[in-house]
Amino acid sequence: MVKLTADFRARVTELPGLFRDVFAASEGEGEGRAIGALVDDLLATTLDGDLLATLALDGDEVAGCILFSRLRYDQDPRQVFLMSPVAVRTNRQKTGIGQKLIRFGLDELRRNEVDYAVTYGDPAYYGKTGFQPITDTFAQPPMPLSQPHGWLGQSLNGVDASPLSGPSHCVSAFNRPELW
Ligand SMILES: CC(C)(COP(=O)(O)OP(=O)(O)OC[C@H]1O[C@@H](n2cnc3c(N)ncnc32)[C@H](O)[C@@H]1OP(=O)(O)O)[C@@H](O)C(=O)NCCC(=O)NCCS
């Protein structure tokens, strides 16, 4: 039985290693190192108000984690967050933790008055939690996308699902073309 929480500050030293191990197992050592370094950078350099994380805890073990960081659309008043990366510990995958953690994270964003969530990943998986494919004219990504079919979004405020205006800016850890 896992417990979901958005209280991640006490566990930050463990999170880069969790992401490194999970992505090394699924995508290879190099990707594991790259995502571990991204998470380290996100946790170290992102302003408090621009970062959220949700954890699935099994006793004292972190079984899964998602980071959410702000995406600024200068010409749009709505608050937008990027959901990335997402990891469930390898031996706990396909037991529903990922989807529970995503739903919990989206509720947490709503509680923080975030209007719109985007992510960049597998449409078949993220479609299960409400993400729909969007185009780069509907919401400009902060960098050119190598896999445009993985650009996904959903309105969180139940009202405004109109296109997001203007160019966007990610937090500095994501400011690297090879991540996109
Ligand atoms: C992708 C990941 C987060 C999913 O979490 P999870 O806890 O294993 O997934 P869940 O148990 O919530 O969901 C399993 C369901 O999604 C499906 N699923 C899992 N990964 C999928 C994928 N890549 N594409 C399509 N469907 C997928 C399963 O078949 C299952 O379907 P069902 O609900 O109809 O039975 C997890 O497997 C993981 O950490 N993978 C390695 C890192 C990664 O790829 N992260 C995502 C990119 S940021």
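Note that ligands are numbered from 1 as they come in the structure, with each ligand's atoms numbered from 1 the same way. These numbers come from a predicted model, not from an experiment.
- Closest to atom 24 (N) of ligand 1, if we only count protein heavy atoms, is Asp122 OD2, 2.8 Å.
- Interface of Tyr126 with ligand 1, defined as ligand atoms under 4.0 Å from a residue heavy atom, comprises 46 (C), 47 (C), 48 (S).
- Interface of Val22 with ligand 1, defined as ligand atoms under 4.0 Å from a residue heavy atom, comprises 39 (O), 41 (C), 42 (C).
- Around atom CG of Asn91, more than 12 heavy atoms belonging to other residues, nucleotides or ligands sit under 6.0 Å away.
- Val86 and Leu179 fall into different hydrophobic clusters, where Ile, Leu, Val, Met, Phe, Trp and Tyr residues are linked whenever their side-chain heavy atoms come under 4.5 Å apart, directly or through other members.
- Polar contact with ligand 1: present for Thr95 (N/O pair, distance under 3.5 Å).
- Protein heavy atom at the shortest distance from atom 7 (O) of ligand 1 is Gly98 N, 2.7 Å.
- Between Arg110 and Asp115, no side-chain nitrogen of the basic residue sits less than 4.0 Å from a carboxylate oxygen of the acidic one, so the salt-bridge criterion is not met.
- The hydrophobic cluster containing Phe68 also contains Phe131, counting ILVMFWY residues as joined when their side-chain heavy atoms lie under 4.5 angstrom apart, directly or transitively.
- For Glu113, the CD atom sits in a loose shell: 12 or fewer heavy atoms of surrounding residues, nucleotides or ligands are nearer than 6.0 Å.
- If you check the side chains of Ser155 and Asn157, you find a donor sitting under 3.5 Å from an acceptor.
- Summary of contacts: the protein heavy atom closest to atom 39 (O) of ligand 1 is Val88 N, 2.8 Å.
- By the 4.0 Å heavy-atom criterion, Phe19 is excluded from the residues contacting ligand 1.
- The existence of a salt bridge linking Asp58 and Arg92 is confirmed by a sub-4.0 Å separation between a basic side-chain nitrogen and an acidic carboxylate oxygen.
- Close approach of ligand 1 to Phe23 is summarised as follows: ligand atoms under 4.0 Å from at least one heavy atom of the residue are 42 (C), 43 (C), 45 (N), 47 (C), 48 (S).
- A pairwise comparison of heavy atoms in Arg9 and Leu51 identifies NH2-CD2, 4.3 Å as the closest pair.
- Heavy atoms of Arg92 come nearer than 4.0 angstrom to ligand 1 in no pair at all.
- Neither Leu101 nor Leu82 shares a network with the other; the hydrophobic side chains, linked directly or stepwise wherever heavy atoms of I, L, V, M, F, W or Y lie under 4.5 Å apart, form separate groups for each.
- For atom 36 (C) of ligand 1, the choice among Met83, Glu27, Gln93, Gln99 with the nearest heavy atom turns out to be Gln93.
- The shell of residues lying under 4.0 angstrom from ligand 1, judged by heavy atoms, includes Ala87.
- If you look at Lys100 next to ligand 1, there are no close heavy atoms at all, none under 4.0 Å.
- Nearest protein heavy-atom contact of atom 27 (C) of ligand 1 is Tyr125 CD1, 3.5 Å.
- When only non-hydrogen protein atoms are considered, atom 34 (O) of ligand 1 lies nearest to Lys128 NZ, 3.0 Å.
- Looking only at heavy atoms of the protein, atom 48 (S) of ligand 1 is closest to Val86 N, 3.5 Å.
- Taking all heavy atoms of Arg103, Lys94, Arg89 into account, the minimum distance to atom 28 (C) of ligand 1 is reached by Lys94.
- Checking only distances, Ala124 never comes within under 3.5 Å of ligand 1, N or O to N or O.
- With respect to Asp21 and Arg89, no salt bridge is recorded, no charged nitrogen being found less than 4.0 Å from a carboxylate O.
- Of all atoms in ligand 1, numbered sequentially from 1 with element shown, those under 4.0 Å from a heavy atom of Gly96 are 10 (P), 11 (O), 12 (O).
- No chain of hydrophobic side-chain contacts below 4.5 Å, direct or via other Ile, Leu, Val, Met, Phe, Trp or Tyr residues, connects Leu55 to Ile97.
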